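Structure first, commentary second.
Source: prediction; values computed, not measured. Lettering of chains follows the sequences in order, A, B, ..., and the numbering in each one begins at 1.
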There are 2 protein chains.
Amino acid sequence: MDYNRVYNFSAGPAIMPTPVLEEIANEVLNYRGSGMSVMEMSHRSEVFQTIIDEAEADLRELMNIPDNYKILFIQGGATLQFAMVPMNLMKNGVADYIVTGAWSKKAYLEAKKYGKVNLLATSQDKNYTYIPDCSDLPVDPNADYVYICENETIHGSTFQKLPNTKGKILVADQSSMFLSKPCNVSDYGLIFAGVQKNVGPAGLAIVILREDLIREDLDEKVPTYMRYDIHAKSGSLYNTPNCWSIYVCGKVFKHLKKSGGLSAMQKRNEEKAAILYDFLDSSKMFRGTVEKEYRSLMNVTFVTGDEELDAKVVAAAKAAGFDNLKGHRSVGGLRASIYNAMPKEGVEALVAFLEKFENEHKA
Amino acid sequence: MDYNRVYNFSAGPAIMPTPVLEEIANEVLNYRGSGMSVMEMSHRSEVFQTIIDEAEADLRELMNIPDNYKILFIQGGATLQFAMVPMNLMKNGVADYIVTGAWSKKAYLEAKKYGKVNLLATSQDKNYTYIPDCSDLPVDPNADYVYICENETIHGSTFQKLPNTKGKILVADQSSMFLSKPCNVSDYGLIFAGVQKNVGPAGLAIVILREDLIREDLDEKVPTYMRYDIHAKSGSLYNTPNCWSIYVCGKVFKHLKKSGGLSAMQKRNEEKAAILYDFLDSSKMFRGTVEKEYRSLMNVTFVTGDEELDAKVVAAAKAAGFDNLKGHRSVGGLRASIYNAMPKEGVEALVAFLEKFENEHKA
Ligand SMILES: Cc1ncc(COP(=O)(O)O)c(C=O)c1O
Ligand SMILES: Cc1ncc(COP(=O)(O)O)c(C=O)c1O
Ligand SMILES: [Mg+2]
Ligand SMILES: [Mg+2]
Ligand SMILES: [Mg+2]
Ligand SMILES: [Mg+2]
């Protein structure tokens, strides 16, 4: 790779497209004749307004977001959304959560602060290595929404089919799969994603929210910053936003458009994932940890079955220029996050490395 | 200036030191041999841990922050602190606010959501053009803290002397004066600042907090992200922080250290402000809007007395390469924000421009 860049398999913050970084490097001291860096620009200036407007328009086009959905750029990461979702959407004070891993579990626990939260289904019994059947769950008639984490970053599992919510609103944390494939936004009431996995620099969540769900009659103890109505009314400029991240995400949106949009991404991501999963399935040393049907296209989790050996692989990989392959500290093993920006060559090179390692370490 | 950069007088996001931007531009594609951009780095990696540790250590040294104070890096800007402060510090449910402008007013209104909030003093009677005498105020015996905005960005006023809090904890919003001069941190229980004025890119607040004020016995409805104890315990890595802003702020801290630290900044800032205020005092066309004693070193507010003429000056200035001189939309007039990074030459050039404008537009 150029610039002596490594293949970075981090789960987030994560690899970004090199051409986007090149553009940024050229604009750091003077953004397109404005005489200043985007880091120095008033968020109330025309030049920044154009940046945020274009980012929104490009994202709308990429995901084909209907007009009755708002796009919000909010600080606090995906974690702040764990609280904002129940604070803003719990009208009846009831919600149904499907817990398929660490992130939906965390969201579930946070929601409990604000109402009655049902554990509608979970795959905890098998360490979150699968997605439960969600075709006919006992949805609470009073539930304000049904919540999922559509791709569990840590465990490497993903929903292949959205749950049957029986008419209730679906809320999805798409952090680690956002923009990885086409998405039918109308299936959701609210989608959110921390951008630092598949898009840009950390410190920003994107929230896509059906307009009629935006409420003004909230508990008065909800902090002003945590109200969707406030962000919606002010075009994400209630206070100074993470201008830099919005700018960089905007560039990534344009890059994705030029690269064929989300269908092209899906095709590429399926190819990339197949290369790695096929290797794991044929390997005698390595095996994937998630049931085949629910394997993530983005976060490929695998083990040797021997923790010491796992650590040895991670260290050898790092020395060979494959960084951040260690599984999340809570589950161990290995994880290769192969987001949009990871080139096919990166995955091929990783497989070649793992194959070589296996051959050299045969029992 | 190099790179065709303008003199940017924005109140925030605001001008940054050119040498810092040059360093950043060089590191965008590969940070010091790590093989990746800081935007792509896992916040759990060693290389990022070094960045955040150094940023904290350099800030501690610059401000001479005692060991019993924590430094936290939190998303949500200064605005989220308007809610976090009362949510975390109101033990008795009472606080005293001194309202000297739009920002302390906003903080005051937000705090009212969480307890009994007294308006201890205000300068609203004269459009916030002065700071009230705070030497002997009727501090509530039950007050958990006394709150000030130490420099009101919009109005251009500043505290020359901290209020007598009669033994209560002082909380200060230092957003628009942070690091502009030495600060005796022990005088405060909590200092916070959005970094986008005197430090780095927006999307980050720095909170400096006396350890014994950190509580765990909070109302259970306080969102996890809004708990100081959570951020303190996790070294600001409870979730993915605004890594980029922390990285850039760290560079600015090093730059300030190299430039002589906060005493040198104060001297420079006093010189710069004097150039502009002396001109305003001698000018027949322009005058400062704040009583002399309370004039800000950072945000210099002034008017011609004629709104149309004000607008004309702003437009002519922009055309001449002096950007963002328009006063805040809520007060009008002109405002030149001359933060640490504004060179003396920028202020001299602005004065020369204003003088010329005055001569060319004599009645
Ligand atoms: C699926 C998912 N949800 C939420 C989070 C938390 O995001 P953040 O660190 O931005 O709060 C993460 C990752 O860190 C994630 O992978
Ligand atoms: C003194 C002061 N406090 C608070 C704020 C709000 O900061 P933020 O936009 O980061 O929420 C600002 C500026 O915007 C400010 O100048
Ligand atoms: Mg993570
Ligand atoms: Mg196998
Ligand atoms: Mg502002
Ligand atoms: Mg005058």
Side-chain angles (χ1 to χ4, degrees), chain A residues 2-6 8 10-16 18 21-22 24-25 28-30 33 35-37 39-45 75-80 82-83 87 110 113-114 194 196 200-204 220-221 223-226 238-245 248 321 323-324 329, chain B residues 2-6 8 10-16 18 21-22 24-25 28-30 33 35-37 39-45 75-80 82-83 87 110 113-114 194 196 200-204 220-221 223-226 238-245 248 321 323-324 329:
Chain A
D2 300 325
Y3 312 100
N4 286 315
R5 284 163 57 76
V6 296
N8 175 13
S10 171
I15 189 169
M16 289 172 50
T18 303
L21 293 174
E22 285 172 326
I24 292 168
V28 167
L29 280 126
N30 187 341
M36 61 186 80
S37 179
M39 290 182 262
E40 303 171 285
M41 259 174 212
S42 169
H43 57 301
R44 308 278 175 207
S45 63
Q75 297 180 56
T79 296
L80 199 68
F82 294 168
M87 281 176 142
E110 187 76 7
K113 292 171 177 265
Y114 308 106
Q196 72 273 16
L204 184 71
E220 58 167 32
K221 291 207 174 183
T224 309
Y225 191 83
M226 296 185 74
Y238 170 65
N239 73 332
T240 322
N242 186 337
C243 300
W244 180 257
S245 186
V248 175
D323 210 350
N324 288 310
R329 50 209 164 113
Chain B
D2 300 324
Y3 312 100
N4 286 316
R5 284 164 56 76
V6 295
N8 174 12
S10 171
I15 189 169
M16 288 172 50
T18 303
L21 294 174
E22 285 172 327
I24 292 167
V28 167
L29 280 127
N30 187 340
M36 62 186 79
S37 178
M39 290 182 263
E40 302 171 286
M41 260 175 210
S42 168
H43 57 300
R44 309 278 176 208
S45 64
Q75 297 179 58
T79 296
L80 199 68
F82 294 168
M87 281 176 142
E110 188 76 7
K113 292 170 176 265
Y114 309 105
Q196 73 272 15
L204 184 71
E220 58 168 31
K221 291 207 173 184
T224 308
Y225 191 83
M226 296 185 73
Y238 170 65
N239 73 332
T240 323
N242 186 338
C243 301
W244 180 258
S245 185
V248 175
D323 211 349
N324 288 310
R329 50 209 164 112

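By the side chain to side chain donor-acceptor pair (under 3.5 Å) test, A:N239 is found to be paired with B:T79, residues two or more places apart in sequence or in another chain being considered. Residues meeting the ring-ring contact (aromatic ring centres under 6.0 Å, His included) test with A:F82, sequence neighbours left out: none.
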Go through B:W244 and A:M39 one step at a time and tell me if the side chain to side chain contact (heavy atoms under 4.5 Å, CB included) criterion holds.
CA-CA 11 Å; B:W244 180 258; A:M39 290 182 262; 3.6 Å; yes
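For chain B, the option among A:A14, A:G200, A:P241, A:G321 with the highest count of heavy-atom pairs below 4.5 Å is A:A14. Most heavy-atom pairs under 4.5 Å with chain B, from the set A:S45, A:P223, A:C243: that is A:P223. The residue among A:V248, A:L21, A:L29 with the most heavy atom pairs within less than 4.5 Å of chain B is A:L29. Among the candidates B:G35, B:A25, B:G203, the residue making the largest number of heavy-atom pairs closer than 4.5 Å to chain A is B:G35. The candidate from A:M41, A:E220, A:M87 with the greatest count of non-hydrogen atom pairs under 4.5 Å with chain B is A:M41. Of the listed residues (B:G77, B:A78, B:G33, B:G194), the greatest number of heavy-atom pairs within a distance under 4.5 Å of chain A belongs to B:G77. Chain A forms more heavy-atom pairs under 4.5 Å with one residue of B:D323, B:L80, B:V28 than with any other, namely B:V28.
The two residues A:K221 and B:K113 come nearest to each other via the heavy atoms CE-O, 3.6 Å. Nearest heavy-atom pair, A:Q75 versus B:G76, reported as atom, atom and distance to 0.1 Å: OE1-N, 2.6 Å. Nearest heavy-atom pair, B:H43 versus A:P13, reported as atom, atom and distance to 0.1 Å: ND1-CD, 3.4 Å.
Interface remark: A:A83 contributes side-chain atoms only to the contact with chain B (heavy atom separation under 4.5 Å).
Annotation: side chain of B:V6 is in contact with side chain of A:M36 (closest heavy-atom distance under 4.5 Å).
Side chains of B:S10 and A:E40: a donor-acceptor N/O pair is absent below 3.5 angstrom, by distance only.
Listed for the B:N30 side chain is a donor-acceptor partner under 3.5 Å among the backbone atoms of A:N4.
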